[in-house]
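Structure record follows, encoded as C-alpha cells.
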Protein chains: 2
Amino acid sequence: MKQEETVYQYIEKAILENRMPPGTRLREVQLADIFGVKRGLIRKVLSRLTSAKLVDHIPNVGAQVACPSLKDGQDLFATRQILEQSVVRQLSGNLSHEQIKSLREYIQQEQQAYQIGDSQKGVGLSAGFHRKLAELTGNRVLLEFLQDIINRTPLVMMSLSQPDPTRACINHDHRNLIDALEAGDSDAAVAIMQQHLQQLEGMFSDETPEPATDLEQIFQQP
Amino acid sequence: MKQEETVYQYIEKAILENRMPPGTRLREVQLADIFGVKRGLIRKVLSRLTSAKLVDHIPNVGAQVACPSLKDGQDLFATRQILEQSVVRQLSGNLSHEQIKSLREYIQQEQQAYQIGDSQKGVGLSAGFHRKLAELTGNRVLLEFLQDIINRTPLVMMSLSQPDPTRACINHDHRNLIDALEAGDSDAAVAIMQQHLQQLEGMFSDETPEPATDLEQIFQQP
DNA sequence: TGGTAAAAGATTGTCAACAATAATTATATA
DNA sequence: TATATAATTATTGTTGACAATCTTTTACCA
C-alpha cells in the first residue's frame with residue numbers, strides 16, 4: 001500500500017482511539033523515526049490531518065492533536081443532526097431486504113463487541129454504522145461530509161467529556177432505527193436519530209485531558 | 001499577505017470565474033514562473049486545491065482543473081438542498097432588523113452589477129449572498145461545508161452546462177427569500193430556496209468545454 | 001503507410017543540506 | 001533570589017539538485 005496512506009491511517013487511528021489526547025505534540029522527526037519514513041512524508045500527512053481538523057498546526061511551532069472548543073462541538077453536532085436526519089428520511093422505506101439484513105448483521109457485530117467488553121472495537125463499529133447509513137443514500141458528497149463529521153466526533157467527545165465507556169452509541173437505538181427504516185416510518189426514524197445524537201451530545205462537560213508525551217509507546221500496538 | 005494564500009486565491013478565482021475551463025492542465029514550473037515563486041509553494045497550493053475538489057491530481061502526471069461528472073453535480077446539489085433549506089429554516093423569523101437591512105443592501109449591489117452588465121461580478125455576489133445566509137446561522141461547521149459546496153458549484157455548472165450569462169442566481173428569488181425570512185414564514189422560505197436551487201440545477205446538459213492552454217494570458221488580469 | 005521500439009524531452013516526486021524561527025538553558029546583575 | 005539577557009539547542013520551513021516517471025519525437029522495419 002502507499003506509504004503515505006499507511007502512515008496517515010496509523011496516526012488518524014491513534015487520534016480517534018484517544019491514544020493521543022488533544023494537545024499532544026506531533027514532532028516531525030520523531031514521527032519520521034517511528035515509522036521509518038522521511039520527514040517530508042510526515043509533513044504531508046500532518047498537513048492532511050490539519051485540513052481534516054484532527055490536528056492543529058501553529059506556524060513555526062508545530063502540530064498537535066486538535067483541541068476542539070465547546071462551540072466547535074456544538075456546531076459539529078448541530079450540523080450532524082441536519083445531515084443524519086436527512087439520511088434516515090431518505091432511507092426510510094427505500095431499503096431492500098438485503099440492505100436491511102446487512103444492517104442487522106452489522107449491529108449484531110457491534111453488540112457482540114460490547115458484550116465481550118471490547119468497547120474500543122464497539123465504538124469503531126458504532127461509528128461505522130453511521131457511515132454505512134450515509135453510504136446507502138448513494139450520495140457521495142453527503143457521504144464525504146458525514147464521514148468528515150463522524151471522524152471529528154471522537155475528538156470532540158474527548159476534549160469535552162470525561163473518558164467514559166458508555167459514551168459510545170447506544171446499540172438499542174440502532175436496532176430501533178433499522179426497524180423504523182424497514183417499516184418506512186420516516187418520522188419515527190428521524191426522531192430516533194435526533195434523540196440518539198442529542199444523547200451523545202449531552203455527555204459534554206468542561207474537563208480538559210492531559211496531552212500524551214511518549215509517542216513511541218503509543219505506536220507499539222498497530 | 002502570506003504568499004501561499006495569495007497564490008491560492010488567484011488560482012481559485014481563475015477557476016471559479018471559468019478563465020481556466022475544466023481539464024486545463026496546471027504545470028508546476030509554469031505556475032511558479034507566472035507568480036514568481038518556488039515550485040514547492042505551487043505544489044502546496046495545488047495540493048490544497050485538490051482536497052477542495054477544484055483540481056484533479058493524477059500521480060506522476062500532474063494537476064488539472066477538475067471535471068466534475070453529472071453524478072458529482074447531482075450529489076452536490078442534493079446536499080446543497082439539505083444544508084441551505086436548513087439554513088433558511090433556522091434563519092426564518094430570527095433575524096434582527098439590522099441583519100435584514102444588510103441582506104437587502106447586499107442584493108441591491110447584486111442587482112446593480114447585473115444591470116450594468118457586469119455578470120462576472122454579479123455571479124460572485126450571488127454566491128456571496130448564499131454564503132452570507134450561512135454566516136448568519138453562526139454555525140461555523142455548517143458555514144465551512146456550505147462554503148465548500150458553493151465554491152464547487154461554478155465548476156459543476158461549467159462542466160455540465162453551456163456557458164450562459166443567465167446561469168447565475170435569480171436576483172428576484174433572493175428578494176422574495178428575504179421577505180419570507182423577515183415575515184418568519186419558514187415554509188415559504190424553504191420553498192423559495194428549494195425552487196431556486198432546482199432552477200440552477202436544471203441548467204445541466206452534457207456539453208464538455210475545451211480546456212485552456214495559454215495560462216500566461218489568463219493571469220494577465222488579476 | 002502503419003505500427004513498433006528506442007531515444008529524447010518534459011514533468012512530477014524525493015531528498016539532504018541549509019536557513020529561519022522558536023524554546024530552552026546558562027549567565028550575569030541588581 | 002528574581003529577573004533580564006545572551007548562548008545554546010531543538011524544531012520547523014525552504015531550496016536546489018537529482019531521481020523517477022510519463023509523454024513526445026524520432027528512427028526503423030514489415
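Below, chain A is the first sequence line, B the second, and so on; all start at residue 1. The figures that follow rest on heavy atoms only: side chains count, while hydrogens, waters and symmetry mates do not.
- Residues that satisfy the salt bridge (Lys or Arg N to Asp or Glu O under 4.0 Å) test with B:K132, not counting sequence neighbours, are absent from this structure.
- Within a 6.0 Å radius of NZ in A:K71, more than 12 heavy atoms belonging to other residues, nucleotides or ligands are found.
- Looking only at atom types and distance, the side chain of B:T153 has a donor-acceptor partner in the side chain of B:R80 under 3.5 Å away.
- Contacts of B:G62 with the nucleic acid, taken as non-hydrogen atoms under 4.0 Å apart, involve only primed sugar atoms and P, OP1 or OP2.
- A straight line from CD of A:Q64 to C1' of D:dT11 spans 14 Å, rounded to a whole angstrom.
- Summarising the geometry, the separation between CG on B:L41 and P on D:dT15 is reported as 8 Å, rounded to the nearest angstrom.
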For residues 37-47 of chain A, run the donor-acceptor check on the side chains, cut-off 3.5 Å, and write out each pair with its distance to 0.1 Å, sequence neighbours left out.
unit_1, atom_1, unit_2, atom_2, d
A:R39, NH1, A:E28, OE1, 2.7
A:R43, NH1, A:E28, OE1, 3.3
A:R43, NH1, A:E28, OE2, 2.9

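- For the residue pair B:S86/B:Q90, the side-chain donor-acceptor check at 3.5 Å is satisfied.
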Can you build the contact string for nucleotides 17-24 of chain D? Use B for base contact, S for sugar-phosphate-only contact, and - for no protein heavy atom under 4.0 Å. ----SSS-

For DNA chain D, what dot-bracket results from Watson-Crick or G-U pairs at under 3.5 Å, with [ ] for crossers and | for inter-strand partners? ||||||||||||||||||||||||||||||

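- Applying the side-chain hydrogen bond (donor to acceptor under 3.5 Å, both in side chains) test to A:Q99 and every residue at least two apart in sequence or in another chain returns A:S96.
- Contact check for A:L133 versus A:L103: side-chain heavy atoms found under the 4.5 Å cut-off.
- The interatomic distance linking A:I58 (CD1) with D:dT12 (P) rounds to 11 Å, in whole Å.
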Salt bridge (Lys or Arg N to Asp or Glu O under 4.0 Å) between A:R48 and A:E5: does it pass, once the steps are laid out? CA-CA 11 Å; A:R48 285 175 55 194; A:E5 215 45 40; 3.2 Å; yes

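- In this structure, B:K44 reaches the D:dT14 phosphate: one of its side-chain N or O atoms is under 4.0 Å from OP1 or OP2.
- Scanning DNA chain C 5' to 3' for nucleotides with an atom closer than 4.0 angstrom to a non-hydrogen atom of chain A gives a first and last hit of C:dT14 to C:dA23.
- A sub-4.0 Å separation between OP1 or OP2 of D:dT12 and a side-chain N or O of A:R43 is absent.
- In summary, the side chains of B:Q64 and B:T24 do not present any donor paired with an acceptor at a separation below 3.5 Å, with no hydrogens or angles considered.
- Counting only N and O atoms by type, the side chains of A:D56 and A:T50 include no donor and acceptor under 3.5 Å apart.
- Side-chain contact of A:Q194 with A:Q85: a donor-acceptor pair under 3.5 Å is absent, judged by distance alone.
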